[in-house]
Number of protein chains: 2
Amino acid sequence: MHETGTTIIGIMRISEGVEWAAHCCLLLDWMGRGDPETAEPVSTARLAAGYGLPPAYLNKQLQPLVKAGILTSTAGKKGGFRLAKRLADITLMDVLTAIEGPDEAFQCAEIRQHGVWADEPASVFRAPCAIDTAMRTAELEWRRALAAQTLAAIQANAELQAPGLRTQVLDWYAHPRT
Amino acid sequence: MHETGTTIIGIMRISEGVEWAAHCCLLLDWMGRGDPETAEPVSTARLAAGYGLPPAYLNKQLQPLVKAGILTSTAGKKGGFRLAKRLADITLMDVLTAIEGPDEAFQCAEIRQHGVWADEPASVFRAPCAIDTAMRTAELEWRRALAAQTLAAIQANAELQAPGLRTQVLDWYAHPRT
DNA sequence: GGACCTCTACTCGGATAGGAGATGTCCGAGTCTGACTGG
DNA sequence: CCAGTCAGACTCGGACATCTCCTATCCGAGTAGAGGTCC
């Protein structure tokens, strides 16, 4: 019995920046009392402190959200990030697309066009690769489900499961720091 | 107008090995005439030649499929890979799980437990993170759609779109090589 | 002629390099605040 | 007292390292078959 020392295989992973971004949006909404218009900017330092994250890297992760129109950034002494929309108008799909990019996870390399099939007439390849089609279909379901989840709904669930949390967090931020 | 030279953001990508594996399964079924029992092994060299892929790397990519029970490998002079099941019993989900691993794409790091919420009672975290829940829901839809697609169905679609292809490919493999 | 043995050619399997992308850090451009100065 | 000016400190934004993981290659263990040899 020779236990094979096979290394575990790598997994495709979503960047942790997605999780950070989503949490920050929820926190920004709390700190802005639900109204992006009257909300004051929150600096990366304060956001990062709230989750124990490296401030500079969090700043880097939030930048794509600004470009995507989810957040608004303000420079200067009292600058920081604000929500650009209401939570009800932001979906998980928006956040993921902003950070991971618009491309699909499965990229068909059209390997069928090399090797054996290289001599086939071009008309054969007008129809899309059947594997690619199936993958796209599944991925479309995934994106549809992501687009159906707004951050507002997620926040509602969170507050439902931990009712007093919002107030406590705001208190923590209000008091300078122990 | 100072065109910002921002680098494009990275995208989460599914390993190309998934595409290779799926194509090889379809090809193996063709070469085995649809019956895994009577099928003769096909070496990586022949499979790789069919798609213009690096043989050694393709071999490495197919190994997880053997461990997952999708393929069977035979060593020796007339060795190679055979299908371990019928295409109707293999789903895209099986292939993807075999290569990418069983873990989910979104890994919740529970960042809510650091920073502000560190002092919260542990009972608060019994309920799963709302963001994680939403992500899991969406990913479940994706996996469900993948599991609904059998390789047999995909092969049927491919043959429907290019009726004569199967015979031509088998001919290409039958004749030594020009 | 037939059975056995050896030898070779060929296979997969895993260990080993190389490269791209994600992770993490740092410094500069810009700007808002606040105090200072002059009227 | 008030408006204008200026210095300062703090912000984001992007350029610069580090590190993990995917990509790619190579060599060894093992096997099936062919051929030779002996009975």
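Order of the sequence lines sets the chain letters (A, B, ...), proteins ahead of strands, with each chain counted from 1.
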Original post:
Should the pair Asp29(B)-Arg86(B) be classified as a salt bridge under the 4.0 Å nitrogen-to-oxygen rule?
Top reply: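 No, no charged N to carboxylate O under 4.0 Å.
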**OP:** Answer yes when Glu139(B) and Arg136(B) have at least one side-chain N-carboxylate O distance shorter than 4.0 Å, and no when they do not.
**Re:**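 No.
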Original post:
Can a donor-acceptor pair be found between the side chains of Trp30(B) and Glu159(B) at a distance below 3.5 Å?
Top reply: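 There is such a pair between these side chains.
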Original post:
Side-chain donor-acceptor pair under 3.5 Å between Arg82(B) and Thr74(B), yes or no?
Top reply: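 Per modelled atom types, Arg82(B) and Thr74(B) side chains form a pair under 3.5 Å.
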Check this one for me: any side-chain N or O of [X] less than 4.0 Å away from OP1 or OP2 of [N]?
| X | N | result |
| --- | --- | --- |
| Thr44(B) | dC12(C) | yes |
| Ser73(B) | dG13(C) | yes |
| Gln63(B) | dG14(C) | yes |

Original post:
Starting at the 5' end of DNA chain D, which residue's closest nucleotide do you reach first, Gly80(A) or Thr74(B)?
Top reply: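 By nearest-heavy-atom nucleotide position, the 5'-most residue is Gly80(A).
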Rounded to whole angstroms, how far apart are [atom1] on [X] and [atom2] on [N]?
| X | N | atom1 | atom2 | value |
| --- | --- | --- | --- | --- |
| Glu40(A) | dT33(C) | CD | P | 10 Å |
| Leu62(A) | dT23(C) | CG | P | 14 Å |
| Asp103(A) | dG21(C) | CG | P | 12 Å |
| Leu47(A) | dC12(D) | CG | C1' | 13 Å |
| Arg82(B) | dC12(C) | CZ | P | 12 Å |
| Ile99(B) | dC21(D) | CD1 | C1' | 16 Å |

**OP:** Answer yes or no: does atom CD of Glu40(B) have more than 12 heavy-atom neighbours from other residues, nucleotides or ligands under 6.0 Å?
**Re:**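 Counting neighbours around CD of Glu40(B), 12 or fewer heavy atoms of other residues, nucleotides or ligands fall under 6.0 Å, so no.
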Subject >> Stepwise side-chain contact (heavy atoms from CB on, under 4.5 Å) check, Gln63(B) with Asn59(B) >> reply: CA-CA 6 Å; Gln63(B) 287 178 22; Asn59(B) 185 11; 4.0 Å; yes
**OP:** Check every atom of dC12(C), dG33(D), dC12(D) against the side chain of Lys78(B) and return the nucleotide holding the closest atom.
**Re:**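 Nearest nucleotide to the side chain: dG33(D).
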Original post:
Between dG13(C), dC10(C), dT33(C), which one does the side chain of Lys77(A) approach most closely?
Top reply: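 My answer, after comparing the listed nucleotides, is dT33(C).
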Could you write out each protein N or O paired with an N or O of nucleotides 23-28 of chain D at a distance under 3.5 Å?
from    : atom 1 : to       : atom 2 : distance (Å)
dT23(D) : OP2    : Ser15(B) : OG     : 2.9
dT23(D) : OP2    : Tyr57(B) : OH     : 3.4
dT23(D) : O5'    : Tyr57(B) : OH     : 3.4
dA24(D) : OP2    : Glu16(B) : OE2    : 3.0

**OP:** Kindly indicate, with the supporting measurements, whether the criterion side-chain contact (heavy atoms from CB on, under 4.5 Å) is fulfilled by Met135(A) and Val18(B).
**Re:** CA-CA 10 Å; Met135(A) 282 291 194; Val18(B) 175; 3.5 Å; yes
**OP:** Go through the structure and list residues passing side-chain contact (heavy atoms from CB on, under 4.5 Å) with Val116(B), not counting sequence neighbours.
**Re:**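 Residues passing side-chain contact (heavy atoms from CB on, under 4.5 Å) with Val116(B): Val169(A), Trp172(A), Tyr173(A).
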Original post:
Of Val66(B), Thr72(B), Val42(B), which is the lone residue that meets side chain to side chain contact (heavy atoms under 4.5 Å, CB included) with Phe81(B)?
Top reply: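 Option passing the side chain to side chain contact (heavy atoms under 4.5 Å, CB included) with Phe81(B): Val66(B).
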**OP:** Give, ordered by number, those residues of residues 26-35 of chain B having at least one heavy-atom distance below 4.0 Å to an atom of DNA chain D; if nothing qualifies, reply none.
**Re:**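 When residues 26-35 of chain B is checked for heavy atoms under 4.0 Å from DNA chain D, there are no hits whatsoever.
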